[in-house]
Enquirer: 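Please read through the structure below; I'll follow up with questions.
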2 protein chains.
Amino acid sequence: MRELCLPLGLTEEELQRLDDLVSNRRRLKRGDRLYSFGAPFDAIYAIRSGFFKTDVLLEDGREQVTGFQMAGELLGLDGISSEHHTCNAVALEDSEICAIPFSRLEVLSREIHTLQHHFHKVMSREIVRDHGVMMLLGTMRAEERLAAFLLNLSQRFTARGFSHADFYLRMTREEIGSYLGLKLETVSRTFSRFQEEGHIAVQQKHVRILDVAGLKALMNYRG
Amino acid sequence: MRELCLPLGLTEEELQRLDDLVSNRRRLKRGDRLYSFGAPFDAIYAIRSGFFKTDVLLEDGREQVTGFQMAGELLGLDGISSEHHTCNAVALEDSEICAIPFSRLEVLSREIHTLQHHFHKVMSREIVRDHGVMMLLGTMRAEERLAAFLLNLSQRFTARGFSHADFYLRMTREEIGSYLGLKLETVSRTFSRFQEEGHIAVQQKHVRILDVAGLKALMNYRG
DNA sequence: CATCCCGGTTGACGTGGATCAAGCTTGGAC
DNA sequence: GTCCAAGCTTGATCCACGTCAACCGGGATG
């Protein structure tokens with residue numbers, strides 16, 4: 001956890017103060033909302049365990065999933081700008097989070113330079129990630145989108161010590177589709193095609209990646 | 001300029017220190033790059049005047065425009081995460097920017113709380129903006145995307161004291177298309193359709209918005 | 001002045017993914 | 001165990017947007 005979401009090179013005393021900051025824990029069951037669009041913002045959240053999605057809704061009900069977050073990642077950065085949350089965060093499995101009161105984070109990051117810099121990097125990384133999603137939504141075809149999605153999940157599971165090639169999806173086809181700008185049927189069909197072509201083995205939410213190179217190759221060529 | 005991109009409520013002395021920070025000006029001609037993908041990051045940039053695009057490229061040459069920036073907006077936030085720029089920033093007209101050395105900004109924002117908070121808000125606003133683009137790319141149809149784009153431009157021009165209804169586009173149809181996830185022909189056709197329907201008058205880069213309500217109405221209903 | 005060229009428009013046609021619809025699988029409730 | 005609802009798969013058809021191609025218009029160049 002520390003390696004993933006906290007800066008290195010802190011003194012014992014600094015670590016202690018950080019631990020105080022993130023001491024406010026909370027458990028959520030699958031389906032629970034961590035926060036909702038429009039709610040007042042006063043804390044960001046570090047995921048200790050579990051899996052989340054964030055989404056934004058249009059007035060007519062259309063949903064865009066803006067991200068899937070797992071242990072070690074932060075939620076709520078969108079709320080800083082307007083003092084209100086601008087999306088919904090929903091637990092996709094039973095999860096545990098730390099609430100980090102934002103005003104206290106700002107105080108502490110004035111005193112601990114590495115914390116300040118780390119926090120800026122985390123926000124910036126979120127912006128870079130979003131640009132990657134724009135690239136995906138703006139220029140890629142369905143196959144490329146799903147391949148990129150699977151490879152990204154695989155890489156993040158690996159970073160957390162799980163198998164890079166064998167995992168359970170926490171989200172539905174519809175949620176994957178919303179994230180990737182596709183309909184659930186297209187997601188399902190593309191899974192099936194990947195399976196026929198031997199790139200993966202998929203049965204409902206259980207995915208095994210059989211051919212990483214093949215998936216990567218799908219991403220770089222038209223046709 | 002100050003109203004748009006600087007925090008309010010600073011003392012004279014604080015303002016002086018800020019002015020020192022942003023004293024490093026630079027002029028760019030149309031087509032010049034402010035920075036390129038992979039270049040070392042050491043400063044963010046405030047646009048004093050002019051117009052920019054940022055884009056990311058895939059290995060096979062596909063381009064995704066990630067944003068259009070105008071006076072008072074910041075460029076380069078993407079570079080903080082990895083100490084290298086992760087996109088290209090290109091001037092779409094002759095422009096002037098202030099380079100803000102990032103390490104100095106971090107020092108100063110430790111001392112001026114309102115600056116720190118303002119900077120966090122700016123980064124967060126960028127994240128929120130990106131979510132809006134995801135929504136646009138993931139769920140909207142061509143008409144909705146272009147209407148949203150025009151209304152957004154209009155609103156930003158208004159905030160800068162320009163006409164909300166009469167402006168020149170600084171970017172090509174292809175760049176608009178790249179931003180909106182459409183081909184240039186689709187952008188062109190959709191402009192023509194908007195004109196036929198009386199929502200706008202368009203001649204090449206000159207756009208007049210005739211019916212704001214009509215454009216807004218286009219955005220919320222399927223079909 | 002003529003020429004070039006880049007960007008824009010428009011038309012004809014093709015297609016990837018959406019839509020509509022029918023089963024199927026699975027896991028939780030009882 | 002049975003039942004049911006939610007989610008997944010698959011097929012048939014449709015259509016919004018992409019592709020390909022022709023042409024136009026205006027500003028830069030010589």
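Chain identifiers are assigned alphabetically (A, B, ...) following the order of the sequence lines, protein sequences preceding nucleic acid strands; residue numbering begins at 1 within each chain.
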Enquirer: Can you figure out which of C:dT26, C:dG16, C:dG7 approaches the side chain of A:Q203 most closely?
Expert: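 Side chain of A:Q203 sits closest to C:dT26.
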Enquirer: Passes side chain to side chain contact (heavy atoms under 4.5 Å, CB included), B:V90 versus B:L34? Steps please.
Expert: CA-CA 6 Å; B:V90 181; B:L34 179 56; over 6 Å; no
Enquirer: I need the CG-P distance between A:L137 and C:dG17, as an integer number of Å.
Expert: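 Distance, rounded to whole Å: 13 Å.
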Enquirer: Whole Å only: how far is the CG atom of B:L146 from the P atom of D:dA16?
Expert: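 It works out to 17 Å between those atoms.
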Enquirer: Take the protein atom CZ of B:R193 and the nucleotide atom P of C:dG11, then report the distance between them rounded to whole Å.
Expert: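 After rounding, the reported distance stands at 13 Å.
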Enquirer: List, one per line, each side-chain donor-acceptor pair under 3.5 Å for residues 201-209 of chain B, sequence neighbours excluded.
Expert:
from: B:H206; atom 1: NE2; to: B:D166; atom 2: OD1; distance (Å): 2.8

Enquirer: Between A:Q69 and A:T54, is there a side-chain donor-acceptor contact under 3.5 Å, judged purely by atom types and distance?
Expert: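 Yes, A:Q69 and A:T54 have a side-chain donor paired with an acceptor closer than 3.5 Å.
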Enquirer: Choose from C:dG11, C:dT9, D:dG18 the nucleotide whose nearest atom is closest to any side-chain atom of B:R189.
Expert: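 Output: C:dG11.
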Enquirer: What contact category does B:T172 fall into here, base, sugar-phosphate, or nothing, at under 4.0 angstrom with non-hydrogen atoms?
Expert: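 Sugar-phosphate contact only - B:T172 comes under 4.0 Å of backbone atoms but never of a base.
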Enquirer: Could you check which of D:dC8, C:dG17, D:dG18 has an atom nearest any side-chain atom of A:R173?
Expert: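 So the side chain of A:R173 is nearest to D:dC8.
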Enquirer: To the nearest Å, how far apart are A:E185 CD and D:dG11 P?
Expert: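 Answer to the nearest Å: 14 Å.
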Enquirer: Side-chain N or O of A:K205 less than 4.0 angstrom from OP1 or OP2 on D:dG7?
Expert: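 Indeed not, no polar side-chain atom of A:K205 lies that close.
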Enquirer: Reckon A:G181 touches a base, only the sugar-phosphate, or nothing at all at heavy-atom distances under 4.0 Å?
Expert: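 A:G181: backbone/sugar contact only, no base atoms under 4.0 Å.
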Enquirer: Could you state the CE-C1' distance from B:M140 to C:dA18, rounded to the nearest angstrom?
Expert: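 So the CE-C1' distance, B:M140 to C:dA18, works out to 18 Å.
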Enquirer: Backbone N or O of B:H164 within a donor-acceptor pair of the B:S154 side chain at under 3.5 Å?
Expert: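 Checked: pair present.
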Enquirer: Look at the side chain of A:S192 and decide which nucleotide, out of C:dG8, D:dC17, D:dT10, has an atom nearest to it.
Expert: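 The answer is D:dT10.
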Enquirer: Reckon A:L184 touches a base, only the sugar-phosphate, or nothing at all at heavy-atom distances under 4.0 Å?
Expert: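 It contacts base atoms.
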Enquirer: Quick one: A:L180 CG to C:dG16 P, roughly how many Å, whole number?
Expert: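 A:L180 atom CG is separated from C:dG16 atom P by 18 Å.
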Enquirer: Below 4.0 angstrom, N of the basic side chain to O of the carboxylate: do A:E73 and A:R129 qualify?
Expert: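 Result for this pair is no, no salt bridge flagged.
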Enquirer: Given atom CD of A:Q204 and atom P of C:dG27, what is their separation to the nearest angstrom?
Expert: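 Going from A:Q204 (CD) to C:dG27 (P), I get 8 Å.
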Enquirer: Does D:dT9 have OP1 or OP2 sitting under 4.0 Å from an N or O in the side chain of A:S188?
Expert: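 So the side chain of A:S188 is within the cut-off, an N or O lying under 4.0 Å from OP1 or OP2 of D:dT9.
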Enquirer: Can you tell me how far P of D:dT9 sits from NZ of A:K183, to the nearest Å?
Expert: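 A:K183 atom NZ is separated from D:dT9 atom P by 17 Å.
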